[in-house]
Amino acid sequence: MPELPEVETIVRGLSPLLKGKKVRDFFFLSSHLWFRQPSSLKPDDYRAKVIRSIRRRGKMVIFEFEEGLGLLVHLKMTGQLYLAEKHLPVDKHTHARMTFSDFNRELRFRDVRKFGFLSCLQLKEIEKKLNSELGPEPLQIDFPVFRRLLQRHGQKRIKGWLLDQKILAGIGNIYSDEILFGAGFHPERKAASLSELEAKRLFRVMKKVLKRAIELKGSSVSDYVDSQGEKGGYQREHQVYDREGELCRRCRKATIRRQRICGRSSFYCPKCQV
DNA sequence: AGCCCATCCTGTCCGC
DNA sequence: TGCGGACAGGATGGGC
């Protein structure tokens, strides 16, 4: 599932290649993608527009075109956004394509489970939506703000706290489990139960895990590939995620437990995480 | 405020 | 070897 490190990797891959390129054609291949998402613009409106920038906010990708046009993309669990040679055939899971007049590859949106979306909106509308739906970026936040957020939502369990996009934007099921293992906290600990020192540890580990995952171009579980169709490498460093029944890599005594917490499969070491 | 559940969707896996 | 059912999960919305 593309979370912050995966989406960051995609954006870093797309940005240098697509910045300044002019759209030739943009079209949806699946009607569900068009009808399920509110849009104020039509795909045809993007014709001949130049891409000014591509950026990430939380788990979302934002394309900025000239004249205030924007495109908001969320990959949810199985979405893919990548560049492909135009002549390569599209399969039934490819739902949108964008071609360029000055680039020999095309941008494709593919999503097996159809949870992801593209939203054709003005940049101003996108900004408004992001500001109302997302909390701050985990890699930009400073410790005092982080601590305040822990206290403000203190009754939440720490796993649900990390997963809540309104509190912090970009962390999903894989990284919440890896961060909690790294910091040594049981996923059901209440956010407000962390002492100042413990909060600092969580803060530090959160940044370390996310940065390392970006270095390795994300975790390839499920369908994740980057903008060039390549897999990431961070899954090789997973300590707990999807390791149920395996030996804990830290204590070498307990085995990793899997438990449904906050509506998600949660993996943790019962000995190392308290 | 926060928890739980259902919903969207389809490929995969398990048991018979 | 095949079939049916359970399961996975990001975000949302409803009910408690």
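Residue numbers begin at 1 in each chain, while the letters A, B, ... track the order of the sequences. This one's a predicted model, so the numbers in the text were calculated from it and none came from an experiment.
If you check C:dA11, B:dG2, C:dA8 against the side chain of A:His153, the one that comes closest is B:dG2. Checked against B:dG2, C:dA11, C:dG9, the side chain of A:Gln155 finds its nearest nucleotide in B:dG2. The side chain of A:Glu133 has C:dT12 as its nearest neighbour among C:dG10, C:dT12, C:dA8.
Between the P atom of B:dT10 and the CE atom of A:Met77 lies a distance of 12 Å, rounded to the nearest Å. Between the CG atom of A:Leu33 and the P atom of B:dT10 there is a distance of 13 Å, given to the nearest Å. Protein atom CD of A:Glu244 is 13 Å distant from nucleotide atom P of C:dC7, rounded to whole Å. Here C:dG10 presents its C1' atom at 11 Å from CZ of A:Arg113, a figure rounded to the nearest Å. Between A:Asp164 atom CG and B:dC4 atom C1' the separation is 15 Å, expressed in whole Å. A:His95 places its NE2 atom 10 Å from the C1' atom of B:dT10, with the value rounded to the nearest Å. In this structure, CD1 of A:Ile171 is placed 16 Å from C1' of C:dA11, rounded to the nearest angstrom. Spacing between atom CG of A:Leu163 and atom P of C:dA11 amounts to 9 Å, rounded to whole angstrom units.
Phosphate proximity of B:dA1 to A:Arg157: absent, as no side-chain N or O sits under 4.0 Å from OP1 or OP2. In this structure, A:Gln165 does not reach the C:dG10 phosphate: none of its side-chain N or O atoms is under 4.0 Å from OP1 or OP2. OP1 and OP2 of B:dC8 both lie 4.0 Å or more from every side-chain N or O belonging to A:His32. Look at A:Lys59 and you'll find a side-chain N or O under 4.0 angstrom from OP1 or OP2 of C:dA11. In this model, the phosphate group of B:dT10 is approached by a side-chain N or O of A:Lys114 to a distance below 4.0 Å at OP1 or OP2. Within the 4.0 Å cut-off from OP1 or OP2 of C:dA8, at least one side-chain nitrogen or oxygen of A:Arg260 is found. Distances shown here put a side-chain N or O of A:Ser265 below 4.0 Å from the OP1 or OP2 atom of C:dG9.
At a threshold of 4.0 angstrom between heavy atoms, the contacts of A:Glu3 with the nucleic acid are absent. When heavy atoms are screened at a 4.0 angstrom cut-off, A:Tyr241 is found touching the sugar-phosphate backbone but no base atom. As judged by a 4.0 angstrom heavy-atom cut-off over every strand, A:Arg110 is placed among residues making no nucleic acid contact. Within 4.0 Å of A:Lys92, counting heavy atoms only, lie sugar-phosphate atoms of the nucleic acid but no base atom.
The minimum heavy-atom distance between A:Glu178 and A:Tyr241, with the atom names listed, is OE2-N, 2.9 Å.
Nearest-nucleotide mapping onto DNA chain B: of A:Phe115 and A:Ile261, the residue sitting toward the 5' end is A:Ile261.
Remark: of the listed residues A:Gln259, A:Arg157, A:Lys159, A:Lys159 is the sole one forming a side chain to side chain donor-acceptor pair (under 3.5 Å) with A:Ser266.
Salt-bridge check for A:Glu198 with A:Lys200: failed, with every basic side-chain N at 4.0 Å or more from each acidic carboxylate O.
A distance of 6.5 Å separates CD in A:Glu125 from CG in A:Leu41, rounded to the nearest 0.5 Å.
The other members of the hydrophobic cluster of A:Ile261, by chain and number, are A:Tyr268 (side-chain heavy atoms under 4.5 Å, ILVMFWY only).
A donor-acceptor contact under 3.5 Å links the side chain of A:Arg264 to the base of C:dG10.
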Please lay out, stage by stage, how A:Arg110 and A:Tyr82 fare under the test side chain to side chain contact (heavy atoms under 4.5 Å, CB included). CA-CA 8 Å; A:Arg110 186 174 178 274; A:Tyr82 61 97; 3.7 Å; yes

